[in-house]
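Worksheet: the structure to be examined is printed underneath.
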Amino acid sequence: MGEREVDGAAMTITLVGANHTTAPIEFRERVHVDVESVGEVVSRLVGRAGIEECVILSTCNRTELYLHVSDARSGARAALEALTARAGLAPSDAEAFVYRHHGYETVVHLFRVAASLDSLVLGEAEILGQIGDAYEAGLQMPEGVGPVLHRLFQSGLAVGGAVRSETKLGRGAASIPSAAVRLAIKVFGSLEGRTAVVLGAGDMGETTLRCLLVEGASDVLVANRTPERAAETVARVGGRAVSMDEFWRSLSSADVLVTSTAATSPVITSTDLAAARGATASPLVVLDIALPRDVEPAVGELPAVFLYNIDDLQKVVGATQEARAAEVSSAEEVIADHARRFWRWYRAREAAPVIRGLRAHAEAIRREEVERLLAGLDGLGDGDRRRIEASMRRMLNKLLHPSTVAVRRAALDPGGLGFLEGLRNALDLPPLPPDEAGNR
Amino acid sequence: MILSLHLLALGLYAAAWVLQLREFRRGRESGHGGVRITAGGFAAHAAALGLFTLTYRSLPLIGLGPASSSLALVMVLFVLAASIHADLRPAGLFLLPPVLLLVGQAVLVGVGPTAGQLAFRGPWFVLHVTAAFLGYAGLAAASAAAIMYVFQFRALKRKEFGSVFRFFPPLDSLDRLNKVGLAVGFPALTVGLLAGWSWTLTFGLGLALEDAQTILGMVTWVAYLIAIAARLRPGPHGERAAAISAAAFVVTLAAFLALRLLAGEPDFFL
């Protein structure tokens with residue numbers, strides 16, 4: 001999928017990967033590279049097929065190998081073989097699920113991933129941490145991250161941050177627990193200093209409990225029909241386990257009530273809640289994230305009580321996704337700007353071998369001419385010979401200085417690429433990588 | 001120059017309001033843009049009134065144009081003060097339209113010294129007008145918060161997660177703005193009214209209960225006293241108190257417009 005003909009001679013950046021849009025979960029599970037195995041895969045790849053640097057980004061939604069490589073096709077093939085061999089698959093079995101990007105496309109792809117435009121949940125923040133972890137893992141291995149992937153991943157992390165700060169892509173609630181907390185915040189402004197009660201210690205309840213603690217709820221009580229389960233959850237996440245009796249008593253001062261039990265009929269009725277609240281005047285947000293529902297719908301009719309069930313929370317998530325989708329074009333602009341800047345830096349690196357080649361060529365001529373000159377001057381002492389050598393070297397440096405500056409400028413200037421390419425041909429160096437539009 | 005600065009301020013306030021309106025219609029959270037433009041308008045507005053004071057050697061408190069402009073400036077001060085709290089940036093959506101009307105009125109009638117003469121002058125007058133303007137601006141801020149509270153409360157109760165839900169501040173923030181607005185506005189208005197009555201009683205002019213300004217002051221004072229009483233009542237008060245605060249603003253505005261039409265003096269604020 002998506003392979004483009006790439007010349008073999010120049011260094012380039014290449015990517016081989018599979019994600020949630022191209023591969024089913026069964027395939028993604030098999031090619032997943034866990035933290036312990038990253039070193040082994042990188043060691044096996046670097047030094048093979050022209051691969052000089054390698055970073056592996058492997059999450060539940062994607063596994064991608066980023067390579068700095070002298071031969072894009074060979075490097076990509078070796079990376080795919082390494083992935084499929086671990087999964088016990090033939091490379092041909094994986095062809096339908098993997099994608100490859102080369103050069104500028106790879107840069108744009110990583111930046112889109114960092115900006116979470118390529119995520120299952122648009123705008124989610126977790127991916128940036130995962131990219132940071134992949135980069136750190138690469139840094140731990142001497143053969144993993146070199147100057148190019150270092151710069152690429154640093155730029156990727158910067159792009160992720162810039163998209164979050166310059167656009168509203170990361171705003172709003174994108175999951176049921178975060179939507180639940182967002183609704184509570186729309187009533188209370190902030191959860192700091194608020195009391196929250198969680199009834200039910202299932203997975204969803206636990207995730208919501210985490211969100212409440214992160215948002216600064218000062219007193220979070222957890223109740224469960226089986227008290228041991230509540231105690232386990234509290235020990236793992238935080239908060240305070242309470243008995244069912246204490247749960248009912250705590251409702252008089254609670255600000256937020258989250259229910260996520262496995263009960264098949266409502267456990268909170270309007271009558272019970274009204275009795276538990278008594279004369280309390282402050283608002284209560286009731287978040288019923290259980291299915292079947294734990295809270296009788298009539299609870300929503302009580303004064304100062306705001307009741308939301310899983311469908312309501314889903315609506316908030318949907319609205320967030322719509323709002324985030326409207327921010328995609330702004331995010332793409334940020335990405336394109338950073339990608340162009342990175343690619344200019346990457347191409348500018350190409351000036352170094354040209355300058356080295358130019359100097360080596362001139363130095364060879366200088367050495368040859370000095371030897372020829374000195375061979376015809378038998379009566380010269382060592383001091384005179386050294387003076388002649390030094391004079392010729394100075395003259396060479398002065399002659400080469402404007403050319404060196406011109407090469408550096410040409411590497412940064414799209415209009416100067418013809419000059420650079422001509423010089424590369426004259427010096428017999430490999431061709432330049434294409435620019436962001438694919439032009440050489 | 002005074003008029004040019006007023007026109008600049010008017011333009012910037014209008015731009016800030018249009019920006020907030022656009023953000024609201026798109027259902028986006030309020031950004032910094034509106035606040036920055038409002039602050040620019042405030043700077044031009046304050047410069048205009050400063051220049052008025054220097055030019056005419058008199059505070060811009062007498063006459064329809066100068067008084068409208070001064071009241072608008074105090075209201076913008078409340079918009080900016082509220083905007084320090086990021087949650088409350090959208091308050092400008094409701095507070096800027098009366099500002100636009102007041103500055104627009106000042107521009108139309110002209111911002112210069114009035115030809116009419118007032119018997120009531122000096123420090124008592126300055127205290128009376130300044131306190132009354134602070135009072136009206138504070139109560140307007142309280143009412144803007146109350147109107148947004150009613151909309152946000154209904155959106156949350158009815159589970160409508162559209163523009164109001166996203167753009168309007170959380171209920172608690174609006175409740176606090178309402179409380180601060182009442183806490184500043186009501187005592188200030190009371191001081192303003194007392195200063196006016198003290199002067200008239202001292203100089204033996206009586207309470208002048210038929211006077212348009214006295215009627216407006218009394219109507220406003222009573223309307224907001226009811227709003228404060230609704231807040232202080234025990235039990236859940238949120239939406240009811242907010243609705244009464246909002247109604248108090250409508251009553252005050254209606255009273256001002258009616259009195260202006262029926263009994264207003266052309267050269268004066270009322």
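Since this is a predicted model, take the numbers as computed values, not measurements. All chains are named by letter (A, B, ...) in the order of the sequence lines, taking the proteins before the strands, and each is independently numbered beginning at 1.
The neighbour count for A:Arg293 CZ, taken as heavy atoms of other residues, nucleotides or ligands under 6.0 Å away, does not exceed 12. In the displayed structure, B:Glu160 atom CD is contacted under 6.0 Å by more than 12 heavy atoms of other residues, nucleotides or ligands. Around atom CZ of B:Phe151, no more than 12 heavy atoms belonging to other residues, nucleotides or ligands sit under 6.0 Å away.
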> Could you walk me through whether A:Leu183 and B:Leu156 pass the side-chain contact (heavy atoms from CB on, under 4.5 Å) check?
Replying inline: CA-CA 8 Å; A:Leu183 278 166; B:Leu156 284 164; 4.2 Å; yes
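B:Leu101 meets the side chain to side chain contact (heavy atoms under 4.5 Å, CB included) test with no other residue; sequence neighbours excluded. Applying the salt bridge (Lys or Arg N to Asp or Glu O under 4.0 Å) test to A:Arg249 and every residue at least two apart in sequence or in another chain returns nothing.
Between B:Lys157 and A:Leu302, the shortest heavy-atom distance links the atoms NZ-O, 2.9 Å. Between A:Gly189 and B:Asp172, the shortest heavy-atom distance links the atoms N-CB, 4.1 Å.
Rounding to the nearest 0.5 Å places CG of A:Leu307 at 5.0 Å from NZ of B:Lys159. Distance check: B:Arg166 CZ to A:Lys168 NZ gives 11.0 Å after rounding to the nearest 0.5 Å. From B:Asp175, atom CG reaches atom CZ of A:Phe188 across 11.5 Å, with rounding to the nearest 0.5 Å.
The aromatic rings of B:Phe161 and A:Tyr308 sit tilted, their planes meeting at an angle between 30° and 60°.
Between A:Lys186 and B:Asp87, no side-chain nitrogen of the basic residue sits less than 4.0 Å from a carboxylate oxygen of the acidic one, so the salt-bridge criterion is not met.
Interface residue B:Phe168: only backbone heavy atoms are found under 4.5 Å from chain A.
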